[in-house]
Amino acid sequence: MKVAKFGGSSVADANQFRKVKQIIEADPDRQIVVVSAAGKSASERIKVTDLLIEMERAINDGDDFSKLFSKISSRILKIRDDLNLKLDIEADLNEVAKHLNGCSHDYLISRGEYLTGKMMAEFLGYYFVDAKDILIFDGDNLNYELSRQKLLTILQKHQNILVPGFYGSNEDGSIHLMPRGGSDITGAILANLVDAQLYENWTDVSGILMADPRIVDHSKKIDVLTYEELQELSYMGVGVFQEEAVRPVRQKNIPTEILNTNCPSAGGTLVVSKEKHLNNNIVTGIAGKKNYIVITIKKYRLSKHLEVLQKVLAVFQKQHISIDSTPSGNDGFSFLCQRGDVGDKLKLIIQELKSNCGVDAVNVRENIALVAAVSLKLSSRPAIAGRILNYLDESLIKVKFVFQDGSDIKVVFGVNNEDYEKTIEKIYHESINSIAQKISA
Ligand SMILES: Nc1ncnc2c1ncn2[C@@H]1O[C@H](COP(=O)(O)OP(=O)(O)O)[C@@H](O)[C@H]1O
Ligand SMILES: N[C@@H](CC(=O)OP(=O)(O)O)C(=O)O
């Protein structure tokens with residue numbers, strides 16, 4: 001049995017629905033299908049999920065949201081009508097409309113997947129299973145045992161099912177929304193629950209490329225990579241596969257393939273466990289994110305004053321700021337946070353660090369980008385990191401810092417935001433040219 005998840009771009013309009021049907025009909029093992037909400041296409045510039053988020057904002061601000069609701073409804077109805085489906089999707093839209101005032105955030109934002117899923121089930125002739133009836137969460141954790149029982153009961157009666165991604169339910173029956181990109185997680189969980197022979201993740205690129213195709217033209221495809229490498233790449237910003245979707249497939253060693261709905265024959269990227277890893281490249285992939293803030297605290301003989309660190313961490317915890325990485329030095333410790341997470345709290349944080357934590361000094365650097373090179377080979381050949389650094393230096397890119405934080409398969413370079421794209425391009429080109437040759441020589 002295979003689980004096939006189709007992302008927003010794969011279900012953006014009726015034409016994409018037809019491509020999905022062809023793929024499903026080509027292999028009877030594709031018995032569990034997961035869909036995201038209709039996403040972006042050449043003619044549709046906004047994902048349905050983003051329209052829902054915009055509508056919620058309007059509702060909360062007391063603004064007129066009727067235009068947004070019409071926009072969402074028209075998109076759904078257009079797909080239904082273009083496909084000539086005999087489905088009373090108006091009834092579902094009316095149900096959503098009835099709940100608009102006073103419904104939960106999780107309910108509202110999950111409706112894109114629910115409505116898209118209903119149409120895809122009808123189109124494929126698959127049995128529609130509302131994700132809230134099978135994926136039961138206890139807080140943020142899935143109750144695997146209970147969810148497995150519920151899913152298997154349904155599969156005893158129905159051979160082919162469609163499950164909308166991105167949500168499940170809490171124990172009280174209310175909707176539980178997953179993080180953005182969460183349909184990948186739904187697919188991975190279902191693959192885990194049924195011990196699938198393969199988890200297929202269908203998107204709009206033929207696999208994971210060594211570098212973001214929006215930055216590097218004709219970037220090479222990664223043919224095979226490990227769960228570990230995928231996790232690091234996803235964490236560092238490769239949007240193709242949600243970071244939290246790695247654990248469920250990794251736990252059961254379920255082979256996972258990233259494939260292109262628009263070009264199924266092109267092949268994709270296969271994700272497997274370490275033992276089966278076959279990749280010969282020196283650097284497997286490059287990823288990164290812009291807009292970090294680096295907050296560095298200085299304290300003479302910090303290692304003897306761990307109470308200082310405790311107080312510093314409490315400041316971040318109090319402000320609900322997640323810390324992405326913490327490279328440390330002799331008498332200092334740096335905290336890397338995303339600008340968007342810090343918002344307007346930066347002044348307050350600095351003030352608290354200075355006055356309540358017993359530090360000698362606090363330095364702040366803004367507009368920093370992180371670029372990571374990921375490769376299993378980094379653990380046994382740390383020289384690769386040095387070579388990359390050398391190339392960046394020769395290219396006149398000012399590297400602010402380098403670290404390998406915890407994972408020994410990733411080296412991270414901190415650069416100015418404006419050097420972000422150039423750094424990725426440089427590492428990419430040198431990885432496939434000189435570094436590979438010099439290191440293997
Ligand atoms: N290293 C990479 N390899 C492939 N795609 C990447 C990479 N980094 C970023 N992307 C972007 O991720 C997009 C696919 O992710 P996403 O938009 O979430 O797809 P879907 O709509 O199928 O869920 C691609 O269109 C591509 O622009
Ligand atoms: N629709 C949700 C969940 C998802 O997984 O979407 P996509 O497959 O388009 O990344 C989102 O936009 O976050």
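By convention here, the first residue in the shown sequence is residue 1. Every number for a ligand or one of its atoms is a count from 1 in the order of the listing.
- With a 4.0 Å cut-off on non-hydrogen atoms, Val205 touches ligand 1 through its side chain and not its backbone.
- Within the structure, side-chain hydrogen bond (donor to acceptor under 3.5 Å, both in side chains) contacts touching residues 7-16 (residues at least two apart or in different chains) are Ser10-Thr261, Gln16-Lys19, Gln16-Asn262.
- With a 4.0 Å heavy-atom cut-off, ligand 1 is reached by the backbone of Ala211 but not by any atom from C-beta on.
- Remark: ligand 1 atoms within the under-4.0 Å shell around heavy atoms of Leu209 are 1 (N), 2 (C), 3 (N), 4 (C).
- Phe128 and Tyr114 have their aromatic ring centers within a separation under 6.0 angstrom.
- Within the structure, the closest approach of Pro213 to ligand 1 falls below 4.0 Å when heavy atoms are considered.
- For Ser234 (side chain) and Phe241 (main-chain N/O), a donor-acceptor pair under 3.5 Å exists by modelled atom type.
- Considering backbone and side-chain atoms alike, Ser10 places every N or O at 3.5 Å or more from each N or O of ligand 1.
- The closest side-chain heavy-atom distance from Val371 to Val412 is not below 4.5 Å.
- Formation of a donor-acceptor pair under 3.5 Å by the Thr116 side chain with backbone atoms of Ala38 is found in this model.
- Applying the side-chain hydrogen bond (donor to acceptor under 3.5 Å, both in side chains) test to every pair with at least one member in residues 149-162, sequence neighbours left out, gives no pairs at all.
- Protein residues with a heavy atom under 4.0 Å from ligand 2 are Lys5, Gly7, Gly8, Ser36, Lys47, Thr49, Glu113, Phe166, Arg180, Gly181, Gly182, Ser183.
- Of all the atoms in ligand 1, the ones that sit under 4.0 Å from a non-hydrogen atom of Gly207 are 4 (C).
- In terms of protein heavy-atom proximity, atom 5 (N) of ligand 1 is nearest to Val240 CG2, 3.2 Å.
- No option in Arg180, Arg45, Lys71 other than Arg180 meets the salt bridge (charged side-chain N to carboxylate O under 4.0 Å, His left out) test with Asp50.
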Item to check | Chi angles and distances behind the side chain to side chain contact (heavy atoms under 4.5 Å, CB included) call for Val3, Glu200 | outcome: CA-CA 6 Å; Val3 175; Glu200 294 178 335; over 6 Å; no
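- For atom 22 (O) of ligand 1, the nearest protein heavy atom (residue, atom name, distance) is Thr203 OG1, 2.7 Å.
- Residues His99 and Tyr107 bring their aromatic ring centres within 6.0 Å.
- A salt bridge (charged side-chain N to carboxylate O under 4.0 Å, His left out) with Asp195 is found for one member of Lys2, Arg148, Lys252 and no other, namely Lys252.
- Taking every heavy atom of Ile208 and a limit of under 4.0 angstrom, the matching atoms of ligand 1 come to 3 (N).
- For Ala287, the closest heavy-atom approach to ligand 1 does not fall below 4.0 Å.
- Ligand 1 has at least one atom lying under 4.0 Å from a heavy atom of Gly239.
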Under 3.5 Å, which donor-acceptor pairs link side chains of residues 134-141 to any protein atom two or more places apart or in another chain?
none

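- The part of Arg214 lying near ligand 1 is the side chain, judged by heavy-atom distances below 4.0 Å.
- Atoms of ligand 1 found under 4.0 Å from any heavy atom of Asp204, numbered from 1 in the order shown, are 13 (C), 14 (C), 24 (C), 25 (O).
- Within the 4.0 Å cut-off (strictly below), no protein heavy atom is located near atom 17 (O) of ligand 1.
- A donor-acceptor contact shorter than 3.5 Å is absent between the side chain of Tyr167 and the backbone of Thr186.
- Using a 4.0 Å cut-off between heavy atoms, Lys5 contacts ligand 1 through its side chain alone, with no backbone atom that close.
- A donor atom on one side chain and an acceptor atom on the other are not found under 3.5 Å apart for Asn367 and Asn291.
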